[in-house]
Amino acid sequence: MKTATTATITATIPTPYKRKQINVDGGFNMEEEEEEKKIVGIMTDGVSNGFYAVDPFFLKWTVHDMVNVAKHHWLPCFFGFGLLFFMAVEYTLPMVPASSPPFDLGFVVTRRLHGLLSSWPELNTLLAALNTVFVGMQTTYILWTWLVEGRPRATISALFMFTCRGILGYSTQLPLPEEFLGSGADFPVGNVSFFLFFSGHVAGSVIASLDMRRMQRWELAWTFDVLNVLQVIRLLGTRGHYTIDLVVGVGAGILFDSLAGKYQECIRRKSIAAKEAFFS
């Protein structure tokens with residue numbers, strides 16, 4: 001006797017989900033709502049003909065949620081207000097005319113220092129010489145970590161950074177500030193030409209300082225940071241760099257140190273994979 005088989009078609013009903021409150025301990029995540037917010041139509045042989053429902057996340061916010069966000073995530077909120085503020089500034093500020101020199105807030109702040117250095121050339125030369133010594137300290141430390149300690153990360157960072165600086169500096173050649181105070185004792189020595197964007201002095205110091213922190217050489221790292229701040233003030237006072245050159249120099253030091261670390265990790269993984277393939 002044969003048994004008759006029947007095909008079954010099952011209609012699946014979307015599972016209701018419940019909204020949960022934000023964790024008060026600082027978590028930004030609302031607890032997961034059940035499964036996917038998916039409305040599935042008729043299921044035949046496991047094939048779905050359904051579609052995804054539009055369920056905007058922000059429609060489920062409450063006042064309690066927003067208070068928790070402002071309380072536990074005040075930094076992104078601060079930057080959000082900063083975005084709105086500087087949008088208003090940018091869209092209402094008159095543009096600097098092409099016939100005028102660039103406006104630089106750092107030049108405004110260091111106006112007195114610039115006046116002092118321009119009226120006292122010997123002081124300008126002394127500070128330039130000290131700054132050149134500091135550049136030598138950076139270079140010596142970065143090479144020492146590779147040649148003596150066998151840790152090439154800082155050297156790789158510097159190579160990445162100076163190559164990128166050369167490309168960007170050549171691509172956009174900014175005009176030398178009108179009030180620039182050169183010195184034969186400054187690095188590069190001899191009043192030769194140099195790229196303004198971005199500051200290799202500052203970026204190199206940041207790379208060295210980050211390596212010192214990795215090795216827990218805290219006093220040396222803080223010494224380099226203080227000297228770097230003094231270097232920034234001097235470069236603004238002599239009009240040797242625009243403010244944007246110096247700020248981007250800090251970011252470039254951090255960025256290329258991170259990229260050098262990722263490069264080393266990538267090489268390490270490839271080496272491990274090659275050894276495993278060789279011995280397998």
Side-chain angles (χ1 to χ4, degrees), residues 86 89-90 93-142 157-158 160-209 222-256:
F86 284 108
V89 171
E90 180 181 2
L93 193 68
M95 299 290 285
V96 177
S99 56
S100 301
F103 170 79
D104 193 295
L105 186 59
F107 291 0
V108 175
V109 173
T110 57
R111 185 179 292 134
R112 288 188 178 181
L113 176 60
H114 176 76
L116 175 65
L117 294 176
S118 60
S119 63
W120 194 355
E122 294 80 12
L123 178 61
N124 181 38
T125 301
L126 174 63
L127 294 180
L130 292 175
N131 205 155
T132 298
V133 171
F134 180 48
V135 173
M137 291 166 58
Q138 300 171 25
T139 307
T140 302
Y141 179 84
I142 290 172
S157 305
F160 283 3
M161 182 270 292
F162 279 109
T163 301
C164 181
R165 177 178 178 269
I167 294 170
L168 294 177
Y170 183 80
S171 301
T172 302
Q173 299 179 36
L174 299 174
L176 191 68
E178 293 179 354
E179 300 177 326
F180 172 65
L181 299 175
S183 170
D186 207 349
F187 181 85
V189 178
N191 284 324
V192 299
S193 60
F194 59 94
F195 292 135
L196 285 166
F197 187 83
F198 48 86
S199 173
H201 290 65
V202 172
S205 179
V206 170
I207 288 172
S209 174
W222 281 112
T223 301
F224 263 57
D225 290 341
V226 171
L227 291 175
N228 203 11
V229 170
L230 295 176
Q231 173 179 242
V232 165
I233 296 172
R234 175 195 163 261
L235 288 171
L236 287 173
T238 60
R239 309 302 189 245
H241 273 292
Y242 295 104
T243 302
I244 192 171
D245 306 331
L246 304 169
V247 174
V248 172
V250 174
I254 297 170
L255 171 65
F256 289 108

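Basis for what follows: all heavy atoms, side chains included, without hydrogens, waters or symmetry-related copies.
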Leu181/Arg239 under side-chain contact (heavy atoms from CB on, under 4.5 Å): CA gap, chis, key distance, verdict: CA-CA 7 Å; Leu181 299 175; Arg239 309 302 189 245; 5.9 Å; no
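- A parallel orientation is assigned to the rings of Phe198 and Phe256, their planes being inclined by less than 30° (bins at 30° and 60°).
- In this structure, Gly240 and Phe194 approach most closely via the heavy-atom pair O-CE1, 3.5 Å.
- Using a 4.5 Å heavy-atom threshold, the side chains of His114 and Phe107 count as separate.
- Taken to the nearest 0.5 Å, the CZ atom of Phe197 stands 13.5 Å off from the CD atom of Gln173.
- Side chains of Leu196 and Pro177 form a contact here, defined as non-hydrogen atoms less than 4.5 Å apart.
- Counting heavy atoms from C-beta outward, Leu227 and Gln138 have side chains that stay 4.5 Å or more apart.
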Step-by-step side-chain contact (heavy atoms from CB on, under 4.5 Å) determination, His241 to Val248: CA-CA 11 Å; His241 273 292; Val248 172; over 6 Å; no
CA sep, side-chain torsions, deciding dist, call: Phe134, His201, side-chain contact (heavy atoms from CB on, under 4.5 Å): CA-CA 9 Å; Phe134 180 48; His201 290 65; over 6 Å; no
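- Side-chain atoms of Leu246 and Leu235, non-hydrogen and from C-beta on, do get closer than 4.5 Å to each other.
- The shortest heavy-atom contact between Ser209 and Phe224 is CB-CB, 4.5 Å.
- Nearest heavy atoms, Met161 versus Gly204: CE-N, 3.8 Å.
- The main-chain N or O of Ala185 is found under 3.5 Å from a side-chain atom of Thr132 such that the two form a donor-acceptor pair.
- Residues Pro175 and Tyr242 have side chains in contact (heavy-atom distance under 4.5 Å, counting atoms from C-beta outward).
- Side-chain atoms of Asp104 and Thr243 include a donor-acceptor pair closer than 3.5 Å.
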Test log, rule side-chain contact (heavy atoms from CB on, under 4.5 Å), inputs Ile167 and Phe195: CA-CA 10 Å; Ile167 294 170; Phe195 292 135; over 6 Å; no
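- Considering OG1 of Thr238 and CD1 of Ile233, their distance stands at 12.0 Å, rounded to 0.5 Å.
- Side-chain atoms of Ser183 and Asn124 include no donor-acceptor pair closer than 3.5 Å.
- In this structure, Asn228 and Gln231 have side chains that are in contact, with non-hydrogen atoms separated by less than 4.5 Å.
- The distance from atom CZ of Phe160 to atom CD1 of Ile207, rounded to the nearest 0.5 Å, is 10.5 Å.
- Once rounded to the nearest 0.5 Å, the distance linking OG1 of Thr110 with CG of Leu105 reads 9.5 Å.
- At distances below 3.5 Å, at least one donor-acceptor pair connects side-chain atoms of Ser118 with backbone N or O atoms of Gly115.
- The CG atom of Leu255 sits 9.5 Å away from the OG atom of Ser157 when rounded to the nearest 0.5 Å.
- Leu174 places a side-chain heavy atom less than 4.5 Å from the side chain of Asp245.
- Distance CG/Leu127 to CG/Leu117: 6.0 Å, rounded to 0.5 Å.
- Between Val108 and Arg111 there is a side-chain heavy-atom pair separated by less than 4.5 Å.
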